[in-house]
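Numbers restart at 1 for each chain; the letters A, B, ... are given by sequence-line order, proteins then strands.
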There are 2 protein chains.
Amino acid sequence: MEALSARHIKVLQAVVEDYIHSGEPVGSRTLSRSPRFQLSPATLRNVMADLEESGFLCQPHTSAGRIPTDLGFRFYVNNLPAFTAVSSEARRQVRDRLAGSGGRLEEVLQDGVFTLAQLTPYVGVVSLPDFRQMVVRHIRFVKLHERRILTVIVSVSGAVQNVLFESETVLSQDQLNRFSNYLNALLGNLTLSGIKRMVLQEMASDKQGYDELFAQVLALSRSFFAKDPDQQSDVMLDGKLNLLEHPEFADVERMKEIFKAFEEKGSILKILDGALGGEQLRVIIGAESCCQEMRHCSLVTAEYGREGRTLGRVGVIGPTRMDYSRIIPLVNYIADAMSRRLQQ
Amino acid sequence: MEALSARHIKVLQAVVEDYIHSGEPVGSRTLSRSPRFQLSPATLRNVMADLEESGFLCQPHTSAGRIPTDLGFRFYVNNLPAFTAVSSEARRQVRDRLAGSGGRLEEVLQDGVFTLAQLTPYVGVVSLPDFRQMVVRHIRFVKLHERRILTVIVSVSGAVQNVLFESETVLSQDQLNRFSNYLNALLGNLTLSGIKRMVLQEMASDKQGYDELFAQVLALSRSFFAKDPDQQSDVMLDGKLNLLEHPEFADVERMKEIFKAFEEKGSILKILDGALGGEQLRVIIGAESCCQEMRHCSLVTAEYGREGRTLGRVGVIGPTRMDYSRIIPLVNYIADAMSRRLQQ
DNA sequence: GTTAGCACTCAACCATAAAGAGTGCTAACG
DNA sequence: CGTTAGCACTCTTTATGGTTGAGTGCTAAC
């Protein structure tokens, strides 16, 4: 397998692009008819045979045209000749949708995946930030019943989370209010994990001479953290039905597989946040995801965040035969728009 | 179309049951082989022809066996010869699941649909109570930022709801706490709509001589209700993938249709809560739902509630070819188990 | 009222044939 | 030596037709 000549690359690109748009295996004849080549089918056949040997193309069967392998798509994406700019219509839709709602984290994320599902024939996907890693703006305790307490946690990015737990002693709502105030005053810029760490440290140091209030807050916090809201992060999907429009998922078995992966979101999450080297944009093609059920899918995702902090990734899931040159700029654009919206 | 003879009924039941278990059109031969008939195929053919004429059976094409129409299933369900008792294994699973979690409304509902999806090859479905109709146990206001206020509402059945709104004036958290306390003291057994009604009445009466606090609480409530959390009720589904196992949904087009209905939950909700005559148990067969996309599906649902109040309906969605004699008791059982769990 | 017999219909299956697309290989060409 | 035309070959797709089997409706006899 030697280096690819300029012609090889050009042919590979042509095959990939044709396949992306037609969905059919592409043969040497079709290719030679294209005005971008002045070559006969025979010559192209030779080139394509080389590309097949190198693993960039394959044939569904003898006497069919070629289709790109994952490797072929990978090469194509890494050497994308040109991007399709995000249309002004699409920009408008993104802007309108994001501006139209409240700006709470969940709303922004929902708007993001919704717009992606609208603007593409693929599935919009976004990973929710791990709640424990989010900077807390506000904690409030609400007494429900006896020792049953509802905790309302609001993050700086506007996410609201409710956690139920049981305190060790019965406390009045007034006491809880004082605790809330105390904690909030203390809070400056800590994440939930940060608060937990602090509480545990303080308890371990076991100083005497705490004022009563602080001791009580610590005790309460401990029972709160004992429950460890391992609510973990989660993913949101939109537009699953879009996938049904693609011929590659006409087969019920294949569909079932992918929907199974969607149902238990864990595996999607792992693919999204899995590779920890947080590149701004990431394209995962077919089997690269290492997820059996997703081997016929590609993911294009980008980071979104707030004030320099990465919160998660947003993007689309579609067939490996995806219109990368259009999708990549679009995903970038939406991730950016969401981050800007969250800033406000 | 005259009244059905005992024999007609027996044949209809046999056809329905055979079809439910085989999924294939059932012919006169098959039927006559069954030990429950001592009749020749020819005789059965005559009976079946009558049933077809009356609209209880139909043929996919000449020279195929018969399958029940919606009307046939309807008759069968209305005259169910016997129920299959809920197995002790199933009871155990329901009990374990419900006992295992926290008892918050959402958890109970989730456990309910989950168990249904586990125990049947169909989709578990439950309608969430309309939040405005739920009796409020607790209201709490949390100041987020300037005039931005988060309201946490807890219902007696343990549902928690967050609503964001903007107050007219800037208030401190201390003030909000006092308002919360005041409102909660006032609250005794009102629904959210009830509270709204009360607030509007009080404001309309426009008495002078309110104490300051009450006036402020009223003002705050008004801006809260101005937003009208028309969060409406919602539905939860589980086990959508179960449907893919049924031969009747092997066709991608049909699948797409149903999943579309699932996606926009409004239509499901309408079917569930639509017919307002709240029978304890309800079976909706095929086109009876009046929902185009659901015409190949049946729903078996039962009411669940708390302290005599109906909160919503829980049940399953499956193909019209559903094992009604097993499903009906099961749905009843789960609805009952959920209601009992909510009582605690 | 029930049954046996018979002609008929129709989907499903299978084999075969023909068409069409595409290939690899070879030999000729500039 | 790269390029091209030609050709035999492969393999899918589509159409065709015949056969089988399940099931029916009708009629006549029991």
Side-chain angles (χ1 to χ4, degrees), chain A residues 2-12 14-16 18-19 21-69 72 247-248 250-251, chain B residues 2-12 14-16 18-19 21-69 72 247-248 250-251:
Chain A
E2 21 186 317
L4 297 180
S5 72
R7 172 180 288 176
H8 282 107
I9 295 177
K10 201 170 155 201
V11 170
L12 177 54
V15 171
V16 171
D18 191 299
Y19 180 65
H21 289 108
S22 73
E24 302 282 289
V26 9
S28 54
R29 255 190 99 82
T30 329
L31 230 48
S32 86
R33 263 197 297 271
S34 146
R36 76 202 268 185
F37 294 110
Q38 306 293 13
L39 299 171
S40 76
T43 312
L44 290 168
R45 278 207 285 282
N46 289 329
V47 179
M48 288 162 87
D50 293 348
L51 287 169
E52 177 161 7
E53 206 188 347
S54 313
F56 294 109
L57 299 179
C58 67
Q59 288 180 286
H61 55 85
T62 355
S63 94
R66 257 80 172 198
I67 62 178
T69 59
E248 35 264 271
D251 175 37
Chain B
E2 22 188 316
L4 297 180
S5 73
R7 171 181 288 178
H8 282 105
I9 294 176
K10 201 170 155 202
V11 170
L12 178 54
V15 172
V16 172
D18 190 299
Y19 180 66
H21 289 108
S22 74
E24 303 281 291
V26 9
S28 55
R29 256 190 98 83
T30 329
L31 231 46
S32 86
R33 263 198 295 272
S34 148
R36 75 203 265 185
F37 293 111
Q38 307 292 14
L39 299 171
S40 78
T43 311
L44 290 168
R45 278 205 285 279
N46 289 330
V47 179
M48 288 162 88
D50 293 349
L51 287 170
E52 177 161 6
E53 205 188 349
S54 313
F56 294 108
L57 298 179
C58 67
Q59 289 180 284
H61 54 84
T62 355
S63 93
R66 258 80 171 198
I67 61 179
T69 60
E248 36 262 271
D251 175 37

Look at the side-chain N and O atoms of Arg45(A) and state whether any lies under 4.0 Å from the OP1 or OP2 oxygen of dC25(C).
no
Rounded to whole Å, CG of Leu44(B) lies from P of dA22(D) at a distance of 17 Å
Nearest heavy-atom contact between Pro25(B) and Pro60(B) is CG-CG, 3.9 Å
### Query
Can you find a side chain N or O atom of Arg66(A) that sits less than 4.0 Å from OP1 or OP2 on dG24(C)?
yes
For Arg7(B) and dT2(C), is the shortest distance between a side-chain N/O and OP1 or OP2 below 4.0 Å? yes
For dA28(D), the nucleotide meeting Watson-Crick or G-U wobble distances (both under 3.5 Å) is dT3(C)
For a quick check of understanding: with a heavy-atom distance under 4.0 Å over all strands, which category does Ala64(A) fall into, base, sugar-phosphate or nothing? sugar-phosphate
Looking at every strand, decide which applies to Ser32(B) at a 4.0 Å heavy-atom threshold: base, sugar-phosphate, or nothing. nothing
Scanning both residues in full, the closest heavy-atom pair of Leu57(A) with Leu12(A) reads CD2-CD1, 3.8 Å
Considering only heavy side-chain atoms of Thr30(B), the closest of dG23(D), dT4(D), dT3(C) is dG23(D)
Answer for the Watson-Crick or wobble partner of dC1(D), both distances under 3.5 Å, is dG30(C)
When rounded to whole Å, the CG to P distance for the pair Leu39(A) and dC29(C) reads 21 Å
Next item on the list: Determine whether more than 12 heavy atoms belonging to other residues, nucleotides or ligands lie under 6.0 Å from atom CZ of Arg29(A).
Entry: no
Testing dG24(C), dA4(C), dG22(C) for proximity to the side chain of Ser40(B), the answer is dA4(C)
- Answer yes or no: is there a donor N or O on one side and an acceptor on the other, between the side chain of Lys10(A) and the main chain of Arg36(A), under 3.5 Å? yes
Ile67(B) CD1 to dG23(D) C1', in whole Å, measures 14 Å
In whole angstroms, the gap separating C1' of dT24(D) from CG of Asn46(B) amounts to 11 Å
Among dG24(C), dT2(C), dC11(D), the one nearest any side-chain atom of His61(A) is dC11(D)
Across every strand shown, the nucleotide meeting Watson-Crick or G-U wobble geometry with dG20(C) (both distances under 3.5 Å) is dC11(D)
Review point. dA22(D) phosphate, OP1 or OP2: any side-chain N/O from Ser28(B) under 4.0 angstrom?
Key: no
Give one of base, sugar-phosphate or nothing for Gln38(A), where a contact means two heavy atoms less than 4.0 Å apart.
sugar-phosphate
Rounded to whole Å, the CD-P distance (Gln59(A) to dA21(C)) equals 17 Å
Of the candidates dA5(D), dT10(D), dT23(C), the side chain of Ser63(A) sits closest to dT10(D)
Atom CE of Met48(B) and atom P of dA22(D) are separated, to the nearest Å, by 16 Å
Separation of dT3(C) atom C1' from Arg29(B) atom CZ, nearest Å, is 14 Å
Exercise for review: Would you tell me if any nitrogen or oxygen in the side chain of Thr62(A) comes within less than 4.0 Å of OP1 or OP2 on dC9(D)?
Suggested key: no
Of all heavy-atom pairs linking Val26(A) and Met48(A), the shortest is O-CE, 3.5 Å
>> So, does Thr43(B) get its side chain near the phosphate of dT3(C), meaning an N or O under 4.0 Å from OP1 or OP2?
In response: yes
Asp50(A) atom CG is separated from dT23(C) atom P, nearest whole Å, by 13 Å
Nearest heavy-atom approach of Leu31(B) to Ala14(B) is CD1-CB, 4.2 Å
